[in-house]
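This report concerns only the one structure given below.
Below, all heavy atoms of this structure are taken into account, side chains as well, without hydrogens, waters or symmetry copies. Every chain is numbered from 1 and lettered A, B, ... according to where its sequence line falls, protein lines coming before strand lines.
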Amino acid sequence: MFRKFRSEVLRILGNYGDERFLRETAHADICSTIAFKLAKKEGRKPSELANEIVSTFKFDSDYIGKIESVNGYINFYTNQEFLEETVNAILDEDENYGSFDAEKQRVLIEHTSANPDGPLHIGHIRNSIIGDTLARIFRKAGIDVRTQYYVNDMGRQIAITCIGYKKFGVDRNKKPDRAIVEAYIKMNREVENSANLEKEVEKLMLDYEAGKDYAVKLFEEVVNLALEGIKETLLRLNVKHDEYVWESMFVRNGYVERIIKMLEEREMLKEEDGALIIDMKKLGYEKDVVVKRKNGTTLYVTRDLAYHLWKNENYDKFVNVLGSDHKLIGRQLQDIMTALRLKPPEIVFFEFVSLPEGSMSTRRGKFVSADELIDRVYEEAKKIVEKREDLTEKEKSEIARAVAVGALRYDFVRIAPEKPMTFDWSKALDFERQSSAYIQYSHARACSILRKAVRSGKPEVEFSPELCNAEERKLVMLLSKFSWIVERVLRTLRPNIFAEYLMETASAFNDFYTKYPVLKVDAELRMHRLALVDACRIVLRNGLNLLGIDAIEKM
RNA sequence: GGACCCGUAGCCUAGCAUGGAUAAGGCGGCAGCCUCCUAAGCUGCAGAUCGCGGGUUCAAAUCCCGCCGGGUCCGCCA
């Protein structure tokens, strides 16, 4: 609804309706700073100009209640009809509230894509959570979205893992990704000081790329084992990919050869020592990019280019979520695609999650696994739920699970992707304020009121905008912004904006909750507030779903 | 050495794209609030020269330049 109000404001502003100068502030529902900009150009006073602009307005909007000019700001306020329509739309549309029809397009979101050589750690899940949340938000906007995990099955570290797997076997009693990483870490230590093993790794990689049966069988076995464990972890976080795309597929299906041919046709390649190299100086880079070694094998970037050619043929838009260590290669990839007259991917880079003692490393076994984190957060949540006496054991563990997953997902998604994070156990295990538990709790409170209303035989809802007090008005304005925030995430690829919005909405609901009784007031006021409570319940629930967090009804 | 990202109260963050009306939350600290819809909640107090220095502007946390601190990248690795 806020989107409608906003476009009404732009319409009323007419020639002055420049989106860049619209602001949401504490002083008004929307204000325009256009007068300041024009004042500069025309050498006049902003306040004078603002007055003049306002005087030209034809006041014919269904949603705008008041327009005023204050010190150069042009302030717009919604009217009661807007509030009423907002609440009614929420109650009508229910789980669909917040959706809208964005431009029809097929979007691919690639995220997580961690090397299948061990368990996901807390750095990887930052990627998963950003990617999965974006996918959910894109879907809410009516976009046809698919998510893919790009499986890096051709890497050196996988070859090492394969040799380790063959040599030491794996412990079948352990979670498969955990068992795999033990073989990897152990083997890696041996490879580091053995030229013979180094040769063996190289040969295995060559044979896998050539598609030799024994190698394919071995790689597939190892990679699938790791992926099995990884998928299980992701599922615990409410993350599920639509597809797993193996890098080797592009070597086998001809896309690698096709992309090389395209590079040749564009005269972007040069040959040195029998190796094929993209001349990156022309694209403004210092170093060139090798796409084929002199032994004829391809490199990571070659297959990634092939993957993006494939994306071009199947999707209108592709978003990759990548760690900031991929910044250079990611930008090179974008520029190469553009030079080929192909669509480049949009990339969300996120900064690293480090431990207080330094950065993580799978290879050295120095990491906090996602599983360990989930387990510990669950235990902590369970401790708190145990205090409740009115819940069954089953309810308690379901609540603890929902709170744990929510706490994790929220902690990661609320931070802007470009901020480096240092992992802190005490913060990860804290469920007060600014955590998803706060939002879930607000939702549970709303559910509780509605349950009581039904039980006492007074479930009728009827929103009356003229009864709105300041807190209620503020709350409805926040509720109206749902799809507007979804749209902003779409434009900026910053899911933290939505996380913040939902927290603010929950906070406004709690503010209302503690100040005003709902069930113990006269019928008219009760029905009015009950409508508002139901609307909040819907918005909080829909919002939590967008964040991949379960909206539990009791906690 | 070069490139990119981050630097906002003791701590964690929002705001920076598109410069404007008192820099917004939370944690921790202090003082309060449950005979009343779930206290995983609410209220109040204390706490910030927005890393430092310059510049642009009527106006800078926001834009530009320089510096400092932290991170990342610069392989015929992935």
Please report the distance separating the [atom1] of [N] from the corresponding atom of [M], rounded so that it comes out in whole Å.
N	M	atom1	result
B:G19	B:C50	C1'	15 Å
B:U22	B:A48	C1'	14 Å
B:C5	B:A17	P	14 Å
B:C63	B:C4	P	15 Å
B:C16	B:G51	P	15 Å
B:U49	B:A23	C1'	13 Å
B:A9	B:C45	C1'	15 Å
B:C73	B:G54	C1'	30 Å

Sugar-phosphate only, base, or nothing, as touched by [X] at under 4.0 Å among non-hydrogen atoms:
X	value
A:Lys37	base
A:Phe36	base
A:Thr25	base
A:Tyr516	base
A:Glu553	base
A:Tyr285	nothing
A:Ile399	base
A:Lys554	base
A:Val533	nothing

Nearest-Å distance, [atom1] ([X]) to [atom2] ([N])?
X	N	atom1	atom2	value
A:Gln440	B:G41	CD	P	12 Å
A:Glu432	B:G29	CD	P	11 Å
A:Asn510	B:A39	CG	P	10 Å
A:Lys41	B:C58	NZ	C1'	17 Å
A:Asp430	B:G25	CG	P	19 Å
A:Met555	B:G41	CE	P	9 Å
A:Asp18	B:G19	CG	C1'	14 Å
A:Lys281	B:A3	NZ	P	17 Å

Once each nucleotide of nucleotides 72-78 of chain B is scored for protein heavy atoms under 4.0 Å, what B/S/- sequence comes out, 5' to 3'?
SSSSBSB
Salt bridge (Lys or Arg N to Asp or Glu O under 4.0 Å) between A:Lys203 and A:Asp207: does it pass, once the steps are laid out?
CA-CA 6 Å; A:Lys203 177 165 187 306; A:Asp207 286 350; 2.9 Å; yes
Just how far is it from atom CZ of A:Arg541 to atom CD1 of A:Ile549, taken to the nearest 0.5 Å?
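Rounded to the nearest 0.5 Å, the CZ-CD1 separation comes out at 15.0 Å.
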From A:Lys458 NZ over to A:Met527 CE, what is the distance, rounded to the nearest 0.5 angstrom?
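Nearest 0.5 Å value for the NZ-CE distance: 11.5 Å.
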Residues A:Ser128 and A:Thr112: side-chain donor-acceptor under 3.5 angstrom
yes
Is it true that, when you exclude A:Lys270 itself, more than 12 heavy atoms of the residues, nucleotides or ligands shown sit nearer than 6.0 Å to its NZ?
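Counting other residues, nucleotides and ligands, NZ of A:Lys270 exceeds 12 neighbours.
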A:Tyr255/A:Tyr307 aromatic ring centres below 6.0 Å
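Centroid separation for A:Tyr255 and A:Tyr307: 6.0 Å or greater.
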A:Trp425/A:Phe423 aromatic ring centres below 6.0 Å
yes
Is there a side-chain contact between A:Tyr410 and A:Leu547 (heavy atoms, below 4.5 Å)?
yes
My understanding is that a pair needs two contacts under 3.5 Å, Watson-Crick or G-U wobble. By that rule, which nucleotide pairs with [N]?
N	answer
B:U57	none
B:G66	B:C52
B:C4	B:G71
B:G41	B:C33
B:G28	none

Show your working on side-chain contact (heavy atoms from CB on, under 4.5 Å) between A:Leu269 and A:Asp279 and close with a plain yes or no.
CA-CA 6 Å; A:Leu269 288 183; A:Asp279 188 350; over 6 Å; no
For nucleotides 13-17 of chain B, give me every protein contact, N/O to N/O, under 3.5 Å, one pair per line with atom names.
unit_1: B:A14; atom_1: OP1; unit_2: A:Ala416; atom_2: N; d: 2.9
unit_1: B:A14; atom_1: OP2; unit_2: A:Lys419; atom_2: NZ; d: 3.0
unit_1: B:A14; atom_1: O2'; unit_2: A:Glu500; atom_2: OE1; d: 2.8
unit_1: B:A14; atom_1: O2'; unit_2: A:Glu500; atom_2: OE2; d: 2.9

Between A:Met421 and A:Phe352, does a side-chain contact (heavy atoms from CB on, under 4.5 Å) hold up when you go through it step by step?
CA-CA 6 Å; A:Met421 292 174 78; A:Phe352 276 39; over 6 Å; no
Can you tell me how the ring of A:Trp484 sits relative to the ring of A:Phe2, calling it parallel under 30°, perpendicular over 60° and tilted otherwise?
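Because their plane-to-plane angle lies in the 30° to 60° range, the rings of A:Trp484 and A:Phe2 count as tilted.
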Please classify the glycosidic conformation of B:C74 as syn (within 90° of 0) or anti (everything else).
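It is anti.
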Whichever of A:Phe512 and A:Val385 has its nearest RNA chain B nucleotide further upstream toward 5'
A:Phe512
Counting only side-chain N and O atoms of A:Tyr513, is one of them less than 4.0 Å from OP1 or OP2 of B:A40?
no
Would you say A:Arg433 reaches B:C42's phosphate, i.e. side-chain N/O to OP1/OP2 under 4.0 Å?
yes
Is the backbone N or O of A:Val191 less than 3.5 Å from a side-chain atom of A:Ser194, with the two atoms forming a donor-acceptor pair by type?
no
For the backbone of A:Leu283 and the side chain of A:Asp335, can you confirm whether one donor and one acceptor N or O come within less than 3.5 Å of each other?
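No, because the side chain of A:Asp335 does not come within donor-acceptor range (under 3.5 Å) of the backbone of A:Leu283.
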Once hydrogens and angles are ignored, does a donor-acceptor distance under 3.5 Å link the base of B:A21 to the side chain of A:Asn75?
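Per atom types, the contact qualifies.
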From the list B:A21, B:C42, B:A40, which nucleotide is the closest neighbour of the side chain of A:Asp511?
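The listed nucleotide nearest to A:Asp511's side chain is B:C42.
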